[in-house]
Amino acid sequence: MRILKLTPETKDNILEDLLKRSPNSYGEFEGKVNDIIEEVRAKRDEAVFHFTKKFDGADIDASNILVTEEEIQEAYELVDEKLLGVIRKALVNIREYHEKQCQRSWFDSKDNGVILGQKVTPLRRVGVYVPGGKAVYPSSVLMNVLPAKVAGVDEIIMTTPPGKDGKVFPSTLVAAKEAGVDKIYKAGGAQAIAALAFGTESVPKVDKIVGPGNIYVALAKKAVFGYVSIDSIAGPSEILVLADESANPRFAAADLLSQAEHDEMASAILITTSEALAKEVSKEVEAFTAQLSRKEIIQKSLDNYGYILVADTMADAIDAVNEIASEHMEIMTKNPFEIMTKIRNAGAIFVGEYSSEPLGDYFAGPNHVLPTNGTAKFFSALSVDDFIKKSSIISYSREALEPVYKDIVQFAECEKLTAHANSIRVRFEDEEA
């Protein structure tokens, strides 16, 4: 990995480089995505079946687009019992973590007849997109479905692209069943997002779409936002490790590569106050890469977006961490919890040398759907909050309104909204006559 001195210039250059990976930078695909969406809106099932054949090579129609109970049971027979056990353990951790996020409706009443409150309501129907194709992500199923279940969503619809044989990965189906998905449809790409957003004869319209995907999925979610809600427009994976001279270089190197293997656009950055550690980590990265199964992808990722930055002080390093605002951020220092209190911007913070990033991806409980491309400055991890909505409750008695109604009338007249003023004044016109 390239080793650079951390300066204002190198930091700015890296930030500019990382932003090029955003889905917003791939406008050349938007036309194709919009064409797919419009065709699905117009032709509904027919378009979904056409694009599934074109892009996935699968013959899908109204008779087989919905995964059957028989297919799910077959999947259970194909999944290793040990993997099923791990899925169930992870499910418990994820559910228990998200249960702590639950909000309740509240009401506050005063003696003068004022009642104010907030009504918390789960979304009615949510769509979960799960990638397919060459990859299998049962962990994504758990992370996207369980917060919705905990929130109390009435119906959870899942879409995932089938293989050429028209089947879905067994582990994906098992994870969906364990997590409590209501219906699973064999559709992927922009056509699946359009089907969820607008509905077809087979696929019901949802209120919100969550889940990761390729650039076509990301741009499709962006295009349908407003017709439905979405979780975020996710970019490529990211990891940033903050370390001092006490860090284990093998641990740091292994963790950097855990994200670099995702794809050629993934980002892996080490920021350290130790030049000696920087050199050791670079050596370990090279040695690990040579023996890993996805070494070609890893190498391209590191060549494109891999950096080791050497900072003069820990304060400078922390400032760079907060500017980069990485999706995953690990702290490997002598005093990791003290450092953690100074981290303002990160999707998930992993504290201590045994808190490796894959722990969060699969098992610990916090959600692995995280903000990317610097959006951790203003976005949060997927949570129960993403699957509820809040309605304000306002109730005034006549006795409560009377002392303040003239104030409201004055405010409305200040804005020249006389109908607003009148709707308040009319309630006391007998007193003003």
*Using a strict 4.0 Å threshold on nitrogen-to-oxygen distance, state whether Lys164 and Asp56 make a salt bridge.*
no

*Salt-bridged, Arg88 to Glu178, with N to O below 4.0 Å?*
yes

*Specify the closest pair of heavy atoms between Ser301 and Ser267, including all atoms of both residues, with the distance to one decimal.*
OG-N, 4.4 Å

*asked:* Between Glu71 and Lys186, does any NZ, NE, NH1 or NH2 come within less than 4.0 Å of an OD or OE carboxylate oxygen?
replied: yes

Enumerate, atom names and distances included, each donor-acceptor pair closer than 3.5 Å involving a side-chain atom of residues 152-160, sequence neighbours excluded.
| residue | atom | partner | partner atom | Å |
| --- | --- | --- | --- | --- |
| Glu155 | OE1 | Arg125 | NE | 2.8 |
| Glu155 | OE1 | Arg125 | NH2 | 3.2 |
| Thr160 | OG1 | Val130 | O | 2.8 |

*If only atom types and distance count, is the side chain of Tyr305 paired as donor or acceptor with the main-chain N or O of Ile14 below 3.5 Å?*
no

*List the atom of Ala266, the atom of Ala260, and the distance in Å for their closest heavy-atom pair.*
CB-CA, 4.1 Å

*Ser397 side chain to Ala400 main-chain N or O, any donor-acceptor pair under 3.5 Å?*
yes

*For Phe288, check ring-ring contact (aromatic ring centres under 6.0 Å, His included) against everything at least two apart and list the hits.*
none

*Between the main-chain N or O of Ala325 and the side-chain N or O of Lys377, is there a donor-acceptor pair closer than 3.5 Å?*
no

*For Phe55, what residues pass the ring-ring contact (aromatic ring centres under 6.0 Å, His included) criterion, not counting sequence neighbours?*
Phe51

*Give the C-alpha distance, both sets of side-chain angles, the deciding distance and a yes or no for side-chain contact (heavy atoms from CB on, under 4.5 Å) between Val141 and Val174.*
CA-CA 10 Å; Val141 177; Val174 167; over 6 Å; no

*Run the salt-bridge test on Asp231 and Lys208 with the 4.0 Å N-O cut-off and return the result as yes or no.*
no

*What's the shortest heavy-atom distance between Gly235 and Thr372, and which atoms?*
N-OG1, 2.8 Å

*asked:* Tell me whether Arg427 forms a cation-pi arrangement with Tyr405, defined as NZ or CZ under 6.0 Å from the six-membered ring centre and within 45 degrees of its axis.
replied: no

*Is the shortest side-chain N to carboxylate O distance from Lys300 to Asp263 below 4.0 Å?*
no

*asked:* Between Glu30 and Lys222, does any side-chain N to carboxylate O distance fall below 4.0 Å?
replied: yes

_Which atom of Ser202 lies closest to which atom of Asp45, heavy atoms considered_ = OG-OD2, 2.6 Å

*asked:* So which atom in Lys342 and which in Ile318 form the shortest heavy-atom distance, rounded to 0.1 Å?
replied: O-CG2, 3.7 Å

_Ring-face cation contact, Phe49 with Arg44, 6.0 Å cut, 45° max_ = no

*Going by the side chain to side chain donor-acceptor pair (under 3.5 Å) test, which pairs reach into residues 351-367, not counting sequence neighbours?*
His98-Asn367, Asp255-Ser356, Gln259-Glu357, His328-Glu357

*So Asp319 and Lys11, salt bridge (charged side-chain N to carboxylate O under 4.0 Å, His left out) or not? Walk me through it.*
CA-CA 10 Å; Asp319 177 66; Lys11 181 177 68 178; 2.9 Å; yes

_Any residue meeting salt bridge (charged side-chain N to carboxylate O under 4.0 Å, His left out) with Lys89, in chain and number order, not counting sequence neighbours_ = none

*Shortest non-hydrogen contact from Ala179 to Leu146?*
O-CD2, 4.1 Å

*Can you name the ring-ring contact (aromatic ring centres under 6.0 Å, His included) partners of Tyr216, sequence neighbours left out?*
Phe29

*Between Glu238 (side chain) and Ser326 (backbone), is there a donor-acceptor pair under 3.5 Å?*
no

_salt bridge (charged side-chain N to carboxylate O under 4.0 Å, His left out), that's the test. Do Glu261 and Lys295 meet it? Break it down for me._
CA-CA 7 Å; Glu261 77 169 340; Lys295 58 186 176 184; over 6 Å; no

*Side-chain donor or acceptor of Asp386 paired with backbone N/O of Ser383 under 3.5 Å*: yes

*Verdict with reasoning, Ile339 to Met314, per side-chain contact (heavy atoms from CB on, under 4.5 Å)*: CA-CA 9 Å; Ile339 296 294; Met314 184 56 70; 3.8 Å; yes

*Does the Arg2 side chain pair with the main chain of Gly306, one donor and one acceptor, at a distance under 3.5 Å?*
yes

*Is a donor on one side and an acceptor on the other found under 3.5 Å between the side chain of Asn373 and the backbone of Thr375?*
no

